[in-house]
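All ligand and atom numbering here is 1-based and tracks the order in the structure. Below, all heavy atoms of this structure are taken into account, side chains as well, without hydrogens, waters or symmetry copies.
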Amino acid sequence: MVQTLWLALGTLGFLAATVYFLFLMTRAPEGSRHFFIITAAITGVAAFFYLTMSTGATVSVIEGRIFYWGRYLDWVITTPLLLLDLALLALAGWRRNVGLIAGLVILDVFMILTGLRAGASLTAFGRGFWFVVSTIAMIVLLYLVYTRLFAEAAGQGGAVNSTFRTLALLTIVLWSCYPIVWLLGSEGFGTVSPTFEVLLFLILDFLAKIGFGFLLLTNRQALSDAGSGRQIQASRVR
Ligand code: RET
């Protein structure tokens, strides 16, 4: 099946990205190792779940439609980690902003779990209802990123701010595409074939995880500024 081929390609792509990000960590700028660990964890978790989907372990057939629930397990772990990368870059003193970070993560987990509830639903009403709930959570989440995190990053200026803006805009645009692909796919209106749906999610996942990670981890100036900012903060606290 062609789907299996795309899923296997996803596994290999994420595996290669993880190895590459770990290699980049060996030359991480002072104080920025946590970005490499978080980002390699994101692609590592994705590689694992793509493997489980390609072997069929996290795939079910619900009333004749194929349901890749492994995706939601992947997303419920990796999307909070992506937000953590963004938040740690934007927020110089993350200790003062634990509430904001926790709020973003809770909204995000709620978005994915209600999305799973929509996908697993047996009725069209259930799918539509939970889809709307999940989409509202996503809009609030992306709005918070756009307002709160943008303002915090602007306060830091320089390379941190410009890298943050690129990554945050990438996040807002790419994340907004997920509900659209979901609607086009087998959980939604079934406008596109299951094979094409798997390919579209693969492209989105590659861009949102590998593209994002590459832009973050190769921006050494931003990483070292974010790292040293944090050290200054820490010495102030002491
Ligand atoms: C679903 C369907 C229900 C409505 C919404 C969704 C949003 C999913 C998102 C997923 C993001 C995934 C990422 C993966 C990393 O590579 C669950 C598709 C709003 C935003 C960024």
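Of all heavy-atom pairs spanning L202 and G10, the tightest one is CD1-CA, 3.5 Å.
Open room surrounds CZ on R33; 12 or fewer heavy atoms of other groups in view lie less than 6.0 Å from it. Counted within 6.0 Å of CZ on F206, heavy atoms from surrounding residues, nucleotides or ligands total more than 12; the atom is thus considered enclosed. The number of heavy-atom neighbours closer than 6.0 Å to CZ of F214, taken from other residues, nucleotides and ligands shown, is 12 or below.
For atom 15 (C) of ligand 1, the closest heavy atom belonging to the protein is K209 NZ, 3.0 Å. The protein atom (non-hydrogen) at minimum distance from atom 21 (C) of ligand 1 is W175 NE1, 3.2 Å. Protein heavy atom closest to atom 8 (C) of ligand 1, with residue, atom name and distance, is Y178 CB, 3.6 Å.
Ion pairing between a basic and an acidic side chain is recognised when a charged N comes within 4.0 Å of a carboxylate O; D225 and R220 show no such pairing.
Between the side chains of W6 and T195, no donor-acceptor pair is found at a separation under 3.5 Å.
Contacts with ligand 1 closer than 4.0 Å are made by side-chain heavy atoms of T79 only, the backbone lying farther away. Contacts of E187 with ligand 1, taken as heavy-atom pairs under 4.0 Å, are absent altogether.
Looking at S134, A46, A208, S176 and measuring to atom 6 (C) of ligand 1, the nearest heavy atom belongs to S134.
Looking at ligand 1, you won't find any N or O of W182 less than 3.5 Å from one of its N or O atoms.
The contact set between ligand 1 and M138, taken as ligand atoms under 4.0 Å from a residue heavy atom, comprises 19 (C), 20 (C).
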